[in-house]
Structure formats: C-alpha cells, structure tokens
Amino acid sequence: MNEKEIERMLRHPDDETARRLTEGRPPLDDAAKARLWARIQDEMTSADTVHGEAPVVKRRIWPSLAVAAACVVVFGGTFAGLFSMSRPVVSPEPTVPTAPADIADTLPFAVGERFAADGLTESGTLWITVTSASPVDGDLSAWTVHVTAASEDAVPRGGATQFCADNFLAVKDETIVSPYQCDTDRPGDAHCTFVLKNGQTASLTLYYRFLEDTPSFRLATGTDPACPSVEIKMEGNT
Amino acid sequence: MTDEALRTLLREDPPRGQAALYDEYANYAYAVIARHIADGATQEDIEDCFVETFTDILPRAAGIIGSIKAYVGTAARHHAIDHGIAIRKRIARTVPLEDAAEPSFSHVEEEVEARARNTALMEAVDALGEPDATILIQKYFYRRKMADIGRMVGLTANAAQVRCSRALKRLRRMLEEV
C-alpha cells in the first residue's frame, strides 16, 4: 500500500473502521465549536432579518432616497410655483410572503403519479407511486410523503434492493410492510431494503424536505449518483 | 441530556434549547458530514455544510418527531450529499482524467480485500499511539487544518505537520505487507 492509497483509505474507511477510528476522538475542540456556533447564530440572525425585511430594505432604499431627495431639490426649485402637489404620497404596500402558498400548490401534483423504475430491477417493472403528501405540523418546507412501490413480476437487482432517497429527512419505519426492513436504528442512516417481487407491494413514508431549487427526490439503489434510480418530481407533473 | 428534556427546553426556552442541542450533537453532525461528503472536500466545505445543517435544523427542532440524534444524523447526511454534488462538479472540472478512479468489475473479491485492508489500517493507526493517531484522523477523516489540529494536540502547526508526515511513513511501513 502506498501513501496515496493510505490517505484515501483514511478519508473513506468503511462504516466499522470509521466508527472505531473516531471513537473518543471528537472532531471539534471547544474553540472550533464556539467559532462554528457563532457562524450559525449569524446565519440564523441574517435569515430572520431577511425574512423580516426591515434592515435590508433600509439599506437598499437609502441610496434611492438620497437620489430622490436630490431630484426634489433640483426639480422642486425649478418648477416651484408652476405645479402644486395635488396627490398624497402613497406608501408601498406591505410585503406579504407568498412562498408557502406556492409550495402548497406545487406539491400535490406528484400525488397519484406512477413512476416506472426499470433500472432498479433485472426483469419486469417496479412502479413507484406517490399516494399522498401533507405538511408536517403546518411546516410547509417539511412534508410527509407516502410512497408505494409495486412490482409487476420484477426481480430486484442482486436480490434485496437497498433504497436510498435523496433530499428527504427520514424514513418512517412503521409503515414498511414485512418482510421489508428499514434500518433507521442506525443513526444518520435511513436506507431501507425491499425484497419486492411477484406482484408484491410495499409502502414507506418519507419526511420530505421541500427545496424550491430541487423540487424532487430520488429513490436509488445506493448513495452513488451512478446507481440506478427513479426521480420523483414534486411539481409540474400535471 | 435526554431527548425529552431537550424537547421541553426547546419548547420553553428556544435559545437555550437550541444551544443545548448544538452542544449535544455538534461533534456527531460534523462526523456524519465528514463521513458522507464527497472526496476532495476541504475543511471549509465541511464547515459550510455543518453551519447549513444546523441553520436548517435549529428553527424547527422543537417539532422533531422521534430520535433527535437520528434526525440530526439524517439531516447532516443529506446536506453532505447535497454539498457533495457541487464538490464533485468542481472536482470534475479540475481532476485530470488519468487520476479518476477506474471502474471495477469484481465486487465480491474487492469487498473482501477492502475489508481486510480496513482492519489492517485500523490496527496500524491504533499502534501509532497518540498524538499521531489523532493527527492523522483529524487531517484525513475530518479534513481539518494543521493549525486547528496543532492547537488540539498542543503543538504548533509546523510540528503537527512534521508528526503527520512521519506518522504516514510509519503507517506505510506497517501496511507494506497488506
């Protein structure tokens, strides 16, 4: 083994090796933890500020106000006496956030859609259907999405097909019908394994994190982007 | 702190609850991100992803259903995957073709071999002792900078770098037979 290979293995050990190597060796000391906490608080404060809009608007409108004031002085002096101000100044309408309503309108389009997942099997077709989608506790950026996988005499690739889903928060294991398993007991891991053939059906619940720039999630047979997958689009499937 | 105590604190005193959640799971989330982010990620990439993960989690933390640790881990993993896509694109533009990994065809054979190599690596790193083992893991697995690693193990950045190079050479000698 040469040094380059050792470096690569240290960067990407397998699960068991990673667990053993990092045991008792936390990545962050107190100083790093405090520095990152300060960054998180900054991010959260600026997110709140942008949401509330006041300081941002203030910064942006000051130059405009300065230009406007200059114009008033110049033109006001020139045209004084010729025109009179007959209309009151209308204040801008308050900004009403519209994104949540947009999101609510776009998500249900995927419900009832049937997606063919041919690449996930060696024979036949595996069909993935979004059976329902509803926001979690009224939070429109987090949705509970029920997905049903049904086979038409399909044989999964290499026996049990491990499903991974991108762009979602967690798989709720209670709805995985036996003999399908979901190893959510492994922290940070939400793969689930299907053994789906001969017309069987399985359902799973995903906690979907809605991102406006990626309004879809991917069910795949592995975490590598090259693995066979089917993309479930959460908008535009009318 | 138990999940229930954390949930109560998040509901009753959100700023303190968020700080407690961060305190409890910062190291765990960082480790998950380091584990799942793409090869070629820098400390800055990991830290950006880490900050984004907590900025995403904390405002909604009071409503987390089930295990908070599993939620944090899953969110961290998915943020790492999201970041990984951008990092891979960046690397694809800069890495010469001859350095790209070759496709493999013998999966079973490779898996057995990789397993043996991983076991040997684990034993060899343990055999290095401290602070060398920590320096290597912080540098390669967590992708941390030498200045930070040096501070962590009580050395200057230069001294830590020298130890790291020597430790890598010792590791190579130990693993020559594998």
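Letters A, B, ... are given to chains in the order of the sequence lines, protein chains preceding strands, and every chain is numbered from 1. Because only heavy atoms are used, hydrogens play no part in the values below, and waters and symmetry mates are left out as well, while side chains stay in.
Neither the backbone nor the side chain of B:Ile33 comes within contact range of chain A; no heavy atoms are under 4.5 Å apart. In this structure, the portion of B:Asp126 lying under 4.5 Å from any heavy atom of chain A is its side chain and not its backbone. Residue B:Glu123 does not touch chain A at all, counting heavy-atom pairs closer than 4.5 Å. For B:Ala19, the parts lying under 4.5 angstrom from a heavy atom of chain A are both the backbone and the side chain. Both the backbone and the side chain of B:Ala26 come within contact range of chain A, with heavy atoms under 4.5 Å apart.
Using non-hydrogen atoms only and a strict 4.5 Å limit, the part of residues 146-166 of chain B facing chain A consists of B:Asp148, B:Arg151, B:Met152. The interface of residues 3-16 of chain B with chain A, defined by heavy-atom distances below 4.5 Å, is empty.
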**Asked** Should A:Arg39 and B:Glu52 be marked as a salt bridge (charged side-chain N to carboxylate O under 4.0 Å, His left out) after you check the CA-CA gap, both sets of side-chain angles, and the distance that decides it?
**Response** CA-CA 10 Å; A:Arg39 269 190 68 188; B:Glu52 195 183 293; over 6 Å; no
**Item:** Derivation of the side chain to side chain contact (heavy atoms under 4.5 Å, CB included) call for A:Leu10 and B:Val125
**Value:** CA-CA 10 Å; A:Leu10 283 167; B:Val125 170; 4.1 Å; yes
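Within the structure, every pair that satisfies the ring-ring contact (aromatic ring centres under 6.0 Å, His included) test and touches residues 22-42 of chain A, not counting sequence neighbours, is listed here: A:Trp37-B:Tyr22.
B:Asn27 places a side-chain N or O within donor-acceptor distance of the main-chain N or O of A:Leu28, the cut-off being under 3.5 Å. Using a distance-only test at 3.5 Å, with no hydrogens or angles considered, a donor-acceptor pair links the side chain of B:Arg144 to the main chain of A:Pro27. B:Gln138 places a side-chain N or O within donor-acceptor distance of the main-chain N or O of A:Pro26, the cut-off being under 3.5 Å.
Contacts with chain B were tallied for A:Lys33, A:Met9, A:Gln41; A:Lys33 has the most, counting heavy-atom pairs under 4.5 Å. With chain B as the partner, the residue from A:Arg35, A:Glu5, A:Arg11 showing the most heavy-atom pairs under 4.5 Å is A:Arg11. Contact count versus chain A (heavy atoms, under 4.5 Å) is highest, among B:Arg35, B:Gln18, B:Glu47, for B:Arg35. Chain A forms more heavy-atom pairs under 4.5 Å with one residue of B:Thr53, B:Leu168, B:Leu58, B:Asn118 than with any other, namely B:Asn118.
In this view, B:Phe141 satisfies the ring-ring contact (aromatic ring centres under 6.0 Å, His included) rule with no residue, not counting sequence neighbours.
Considering CZ of A:Arg25 and CD1 of B:Ile137, their distance stands at 3.5 Å, rounded to 0.5 Å. Considering CD1 of B:Ile46 and CG of A:Leu36, their distance stands at 11.0 Å, rounded to 0.5 Å.
Taking 4.5 Å as the limit, every side-chain heavy atom of A:Glu7 sits out of range of all side-chain heavy atoms of B:Lys139.
Residue B:Arg172 comes nearest to A:Ile6 through the heavy atom pair CA-CD1, 3.4 Å, listed as atom of the first residue, atom of the second, then distance.
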